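Predicted, not measured: the structure shown is a model, and the values here were computed from it. Lettering follows sequence order; numbering is per chain, from 1.
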2 protein chains.
Amino acid sequence: MNGIHNPAALPSPPDCTTFTEALEQVFAFAVTVEHYMQAGIAARGLTRARATVIWQLHRHGPTTQQQLARAIGVTARNVTALVDGLQDSGFVRREPHPSDRRAFLVHLTDTGRQVTKQLAADYEAGSQDLFSDIPVEQMGPFLSTMQTLTARLATATGPQTQS
Amino acid sequence: MNGIHNPAALPSPPDCTTFTEALEQVFAFAVTVEHYMQAGIAARGLTRARATVIWQLHRHGPTTQQQLARAIGVTARNVTALVDGLQDSGFVRREPHPSDRRAFLVHLTDTGRQVTKQLAADYEAGSQDLFSDIPVEQMGPFLSTMQTLTARLATATGPQTQS
DNA sequence: TATTGTTATACTCTATAACTATA
DNA sequence: TATAGTTATAGAGTATAACAATA
């Protein structure tokens, strides 16, 4: 088993009234979503940190390790380790930077690209199962509120590294 | 810095239409919420895993390590380590089980109880800031939809350990 | 024989600090 | 002098497996 973050270990959702109860429900939701993300990632032979790297490469193309570190929000040292791991698994390769001989460009391999596509397909299928029978009149306001809360929480937590 | 789980490293939220985009927004929300949880926990000198242990003890009272392991969803070996850490920090203590000489009961110390209360107070204050100016007509449906999604995701991910 | 908790070992993710090669 | 990436070291969380003491 991987991950202590057990929704059942969080307060259970009564018939919500107070702000605190609402926040507890939000926490339980977040933990459950994380489990879901994690399960998909693990099913494709990735860890969360490595999946973040691969996803970043998928979105932005070949990237130096420094750029990866800044985008992902970890130290350069950790990027070395993550790229090492992904290289051993055959998902990425380092190539010399064309103009800066100190740096590498990290590329997705064909295998890496495949895994990215599979993950995306997994989640697309999952999103169908999740949302397809929820009425649009319900989804719109839900997503809108969620975005508001996302923005507020991000502000409250403090600025995150930008991609 | 602690945590690669950077919302900015996830796809940005356009004006939602597709299910996939909705799921991406849900992911971004979950990651942001996790950051928020984590920040509060770290501010009180705890890690996430240890906070889960403390919260469990707070809710259910003195507990054997086996019970903790099952409730939290980690192996007994890890509970040993977590309780060791919490004991070193003075948040919990082991006491002999009254009727089973193999087992310990893990208790919150006064310090542990204090930290639990502080965390709860932190999040209660946070929930005010988050929700207080969101109209009830909006909150009700939001929480309701969120609960539906939580249940579905939990089912899709597979059963979790029960507390 | 089964359960509780431990020691032993290993892997991943995280961090700082010091170092090399290059800019 | 500053930057890109590495090695060195350390701590936390996770896992399996083997073992002691007790049920």
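At least one donor-acceptor pair closer than 3.5 Å links the side chain of A:Thr109 to the backbone N or O of A:Phe91. In this structure, the side chain of B:Thr63 engages the main chain of B:Gly61 through a donor-acceptor pair within 3.5 Å. Remark: the backbone N or O of B:Phe142 is not paired with any side-chain donor or acceptor of A:Thr145 at under 3.5 angstrom.
Clustering ILVMFWY residues whenever any of their side-chain heavy atoms sit less than 4.5 angstrom apart, transitively, puts B:Phe104 in a cluster other than the one holding B:Leu108. Side-chain heavy atoms closer than 4.5 Å link hydrophobic residues (I, L, V, M, F, W, Y) into clusters, and following such links, possibly through other members, connects A:Val26 to B:Ile41. One hydrophobic cluster, built from ILVMFWY side chains closer than 4.5 Å, holds both A:Phe29 and B:Leu23.
D:dT3 atom C1' lies 13 Å from atom CD of A:Gln67, rounded to whole Å. D:dA12 atom C1' lies 13 Å from atom CG of B:Asp88, rounded to whole Å. As rounded to whole Å, 18 Å separates atom P of D:dG11 from atom CG of B:Asn78. To the nearest angstrom, C1' of D:dG13 lies 12 Å from CD of B:Gln38. Separating the CG atom of A:Leu68 from the C1' atom of C:dT14 is a distance of 16 Å, rounded to the nearest angstrom. As a whole-Å value, the separation of A:Glu95 CD from D:dA4 C1' is 17 Å.
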Using a 4.0 Å heavy-atom cut-off to protein, can you give one letter per nucleotide of nucleotides 18-23 of chain C, 5' to 3': B if the base is in contact, S if only the sugar-phosphate is, - if neither? ---BBS
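For B:Leu82, the listed nucleotide lying nearest its side chain is D:dT14; candidates were D:dA4, C:dT14, D:dT14. Minimum atom distance to the side chain of B:Gln66 is reached by C:dT4, of the listed C:dT12, D:dA4, C:dT4.
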Can you check nucleotides 6-10 of chain D for protein contacts, nitrogen or oxygen pairs under 3.5 Å, and list what you find?
{"unit_1": "D:dT6", "atom_1": "OP1", "unit_2": "A:Arg94", "atom_2": "NE", "d": "3.3"}
{"unit_1": "D:dT6", "atom_1": "OP1", "unit_2": "A:Arg94", "atom_2": "NH2", "d": "3.3"}
{"unit_1": "D:dT6", "atom_1": "OP2", "unit_2": "A:Gln65", "atom_2": "NE2", "d": "2.9"}
{"unit_1": "D:dT6", "atom_1": "OP2", "unit_2": "A:Thr80", "atom_2": "OG1", "d": "2.6"}
{"unit_1": "D:dT7", "atom_1": "O4", "unit_2": "A:Arg77", "atom_2": "NE", "d": "3.3"}
{"unit_1": "D:dA8", "atom_1": "N6", "unit_2": "A:Arg77", "atom_2": "NE", "d": "3.1"}

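Here the rule is side chain to side chain donor-acceptor pair (under 3.5 Å) with A:Arg113, and of A:Asp110, A:Thr111, A:Thr116 only A:Asp110 fits it.
The existence of a salt bridge linking A:Asp84 and A:Arg94 is confirmed by a sub-4.0 Å separation between a basic side-chain nitrogen and an acidic carboxylate oxygen. Note on A:Asp129 versus B:Arg152: no salt bridge recorded, every NZ/NE/NH1/NH2 to OD/OE distance being 4.0 Å or above.
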